[in-house]
Amino acid sequence: MTKQSKNHKQISTRLEELYKSIEEANRRYYVEDSPTISDAQYDRQFRELEELEREHPELARPDSPTKKVGAKPSETFQPVAHREPMLSLANAFTEEEFLQFDERCRKLLGERASELSYVVEEKFDGLAVEIVYQNGMLHTASTRGDGEVGENITANIRTIDNVPERLPKKLSSSSNTPERIEVRGEVYMSLEGFKALNDGRLAAGEPAFANPRNAAAGSLRQLDPAVTARRPLEFVAYGLTSPDELPFETQAACIAALAELGFQVDPELLPSADAEAVLQHFRELGEKRHALRYEIDGIVAKVDAFNLQELLGARSRTPRWAVALKFAPEEAFTVLNDISVQVGRTGVLTPVAELEPVEVGGVTVSRATLHNQDEIDRKDIRIGDTVVIRRQGDVIPAVVAVVEGKRTGKEKKFHLPDTCPVCGSKVGKEGEDDVGLRCLNSHCPAKLIERLKHFVARRAMDIDSLGSKLLEALVDSGQVSSFADIYELEQEQLASMERMGEKSAANIVSAIENSKQVLLSRFLFALGIRHVGERTAQLLAEHAGSIDALREMGQDELEQIPDVGPKVAASIRTFFDDPEEQAVINELLRRGVVPRAEKRSTSGAFAGETVVLTGSLTSLTRDEAKSRIEQAGGKISGSVGKSTTLVVAGEKAGSKLAKAEKQGIPIIDEQALLARLG
Ligand code: IVH
């Protein structure tokens with residue numbers, strides 16, 4: 001065999017593999033609404049296929065998935081032919097790739113490139129739908145299907161509250177609504193709707209949907225419209241065509257017309273942007289995406305002018321005038337190799353997924369929390385399962401669902417042990433409302449290590465040069481068995497530990513020394529009293545004024561402090577009544593730890609004010625603004641209420657500003673804030 005033909009054979013084999021895998025993935029995604037590979041894996045295979053076909057067009061199949069849209073519609077629904085094919089979108093996975101798209105458009109437009117402007121829309125993560133209106137009445141609705149023929153889902157679409165049944169007679173002030181119009185858009189589920197739906201399903205013993213997209217697709221493609229009607233679906237419109245003349249020539253005007261007709265349109269729309277503004281918007285939405293009420297997986301940039309769109313034309317499955325610029329995927333599929341058990345600061349046993357390492361949201365993840373046994377049971381997670389991992393922004397990676405289609409029958413169920421994996425003591429629930437199991441041994445070394453880690457953390461005593469490994473070694477060797485022991489550590493002793501030098505030992509000793517002068521609020525937070533987070537610690541410090549005063553406060557007195565309810569008050573009392581905790585606190589004080597109360601300035605520029613910050617500030621971060629206002633005697637509150645005396649409104653301030661205006665509360669802008677801070 002010649003080298004060339006051998007090579008060809010290998011390529012043909014790989015092409016076949018990719019065809020099979022992508023076709024199967026398409027069927028699972030579009031027809032069964034239960035994908036078995038992640039979007040990122042799909043995109044990677046699709047790219048590889050495109051590249052191989054580009055290099056070896058002679059080997060490409062004419063019916064390749066790169067030349068088609070979606071999958072053949074399911075036979076469960078009546079077919080509907082689309083008058084205009086429903087195309088898909090080309091993807092850009094990096095800013096660089098978007099700039100290449102822009103470059104290509106300019107080149108193809110030649111002299112007319114100067115007219116190029118983009119409309120930027122969100123890329124909604126739902127499913128594409130076409131709704132046809134005849135004489136102003138909803139006539140037919142269909143899914144995209146294979147782009148040419150979709151599924152008739154008219155009865156189901158009618159159950160969606162925000163899809164108008166009837167349209168206004170006028171499309172704009174000068175023009176009547178055409179006899180036939182075709183509205184395209186996305187059916188999706190809000191995050192709130194998704195959560196409520198899944199909570200209900202789990203409570204009824206039904207499997208949860210892995211994500212809002214699957215939930216939307218599964219809900220829309222129901223044979224019984226009564227089922228769809230109970231699902232919280234919404235529709236957002238992004239396209240409008242008609243066989244008759246339309247009185248507008250741009251995508252931006254098209255969206256405006258859709259809004260006038262009563263459709264929900266993209267609330268984040270950027271109607272006119274050059275390439276740099278597209279990227280700017282992409283970055284901003286990337287920051288903001290988790291604060292939105294629905295999921296988006298990127299943005300879509302569309303050439304605004306229809307005549308330029310026509311000049312650019314389309315390939316077989318995607319137009320040349322639009323591109324989807326995608327965010328880094330935050331979900332991935334991987335195998336759950338094992339489940340280990342971690343013992344936390346309060347003794348809670350947390351099951352942790354040990355995963356086949358996988359890249360999610362830009363980092364490699366090999367462990368993820370499984371929360372507790374109830375969660376494992378509800379999601380029916382078994383060792384050996386293929387699972388969906390999600391890592392959103394800074395949130396700890398979690399296992400969101402099992403890919404049931406990948407089960408082989410060899411998966412093993414998991415149960416938390418009835419003894420502590422670290423000290424071997426009995427585990428159990430401490431109170432009735434305890435969700436998880438705890439190690440009941442108050443001397444469990446795992447608890448101690450976790451409590452010590454929390455104690456030295458930056459936001460607590462700020463001795464974080466005393467790292468986890470070193471703490472573990474100090475506990476294991478019996479040199480540290482309480483918070484107080486930290487204050488007895490000596491430089492030589494530390495320097496003699498494994499992998500420690502004189503210099504780091506000296507740094508730690510000086511960090512320990514510095515930590516003795518500590519704010520009362522941080523000290524209280526560091527103690528790790530159950531239910532006392534940073535904010536409660538701050539309130540306790542402000543009200544009690546000293547550790548001694550706090551130790552003396554009774555349950556009733558504690559409950560007088562804002563935000564401290566019976567549960568928190570009881571937990572504080574239990575803590576201070578525990579003789580061991582008392583002894584440790586006394587030891588800490590004896591060894592020179594001096595918790596001092598933060599004094600609220602009574603003469604500062606914001607003395608006596610309760611301030612609400614809203615909108616974004618440009619010259620300082622929100623945290624900086626908060627701490628400077630606090631230093632100047634002000635109190636920060638999260639919401640506008642009776643006690644609010646002042647609102648600082650930054651850019652794009654929203655409902656809080658409106659509420660303040662309505663209630664006649666004084667409002668200042670960023671400049672006035674800076675001036676007043678001095
Ligand atoms: S325009 C020819 N606009 O993304 C243009 N699609 O990957 C085709 N999608 O099938 C659609 N948000 O389901 C368009 N603002 C948006 C979109 C959007 C989400 C979906 C749609 C489409 C898929 C292509």
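Order of listing sets the numbers, starting from 1, for every ligand and every atom in it. Each residue takes its place number in the sequence, starting with 1.
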Measure from NZ or CZ of R44 to the centre of the six-membered ring of F93, then state whether that distance is under 6.0 Å and the direction lies within 45° of the axis. no

Are the side chains of E295 and D297 in touch, meaning some heavy atoms are under 4.5 Å apart? no

N/O donor-acceptor pair under 3.5 Å between D146 side chain and E148 backbone: yes

Do E375 and K379 sit within salt-bridge range, that is, some charged N less than 4.0 Å from a carboxylate O? yes

Determine whether the aromatic ring centres of residues Y133 and F263 are separated by less than 6.0 angstrom. yes

Heavy-atom proximity to atom 4 (O) of ligand 1, best of K123, R213, Q309: K123

What do you reckon, does A324 put a non-hydrogen atom under 4.0 Å from ligand 1? no

Quick one: which of Q251, K302, R184 has a heavy atom closest to atom 3 (N) of ligand 1? K302

With a 4.0 Å cut-off on heavy atoms, is M86 in contact with ligand 1? no

Apply side chain to side chain contact (heavy atoms under 4.5 Å, CB included) to I22 and Y42, showing your working. CA-CA 7 Å; I22 292 171; Y42 180 86; 3.9 Å; yes

What are the atoms of ligand 1, with element, lying closer than 4.0 Å to any heavy atom of S88? 7 (O), 24 (C)

Identify the closest protein heavy atom to atom 13 (O) of ligand 1: which residue and atom is it, and at what distance? E186 OE1, 2.7 Å

What residue among V402, T408, V403 forms side-chain contact (heavy atoms from CB on, under 4.5 Å) with K406? V403

Heteroatom proximity flag, L127 to ligand 1, N/O under 3.5 Å: no

Using a 4.0 Å heavy-atom cut-off, say whether Y238 meets ligand 1 through its side chain, its backbone, both or neither. side chain

Considering heavy atoms of the protein only, find what lies nearest to atom 12 (N) of ligand 1 and give residue, atom and distance to 0.1 Å. F124 N, 3.1 Å

Below a 4.0 angstrom heavy-atom separation, can you tell me which part of E121, side chain or backbone, both or neither, approaches ligand 1? side chain

Checking contacts here: is it the side chain or the backbone of L89 that comes within 4.0 Å of ligand 1, counting heavy atoms only? Could be both or neither. both

Using a 4.0 Å heavy-atom cut-off, which part of E122 comes near ligand 1: side chain, backbone, both, or neither? backbone

In terms of atom number and element, which parts of ligand 1 are under 4.0 angstrom from non-hydrogen atoms of A128? 10 (O), 13 (O), 21 (C)

Region of R144 that comes within reach of ligand 1 [heavy atoms, distance under 4.0 Å]: side chain

Do H8 and H56 touch side chain to side chain, with heavy atoms closer than 4.5 Å? yes

Heavy atoms only: give me the nearest P178-L171 pair and the separation to one decimal. CD-CD2, 3.9 Å

Checking Y294 against E234 for the side chain to side chain contact (heavy atoms under 4.5 Å, CB included) test, could you report, in this order, the C-alpha distance in whole Å, the side-chain angles of both residues, the deciding distance, and whether it holds? CA-CA 10 Å; Y294 43 81; E234 294 175 49; over 6 Å; no

Ligand 1 atoms nearer than 4.0 angstrom to some heavy atom of V300 are 15 (N), 16 (C), 17 (C)

Heavy atom of the protein closest to atom 8 (C) of ligand 1 (residue, atom name, distance): L87 O, 3.6 Å

Distance only, no hydrogens: is a donor on one side chain within 3.5 Å (strictly under) of an acceptor on the other, for Q45 and Q41? no

With a heavy-atom distance limit of 4.0 Å, tell me whether P319 approaches ligand 1 through its side chain, its backbone, both, or neither. side chain

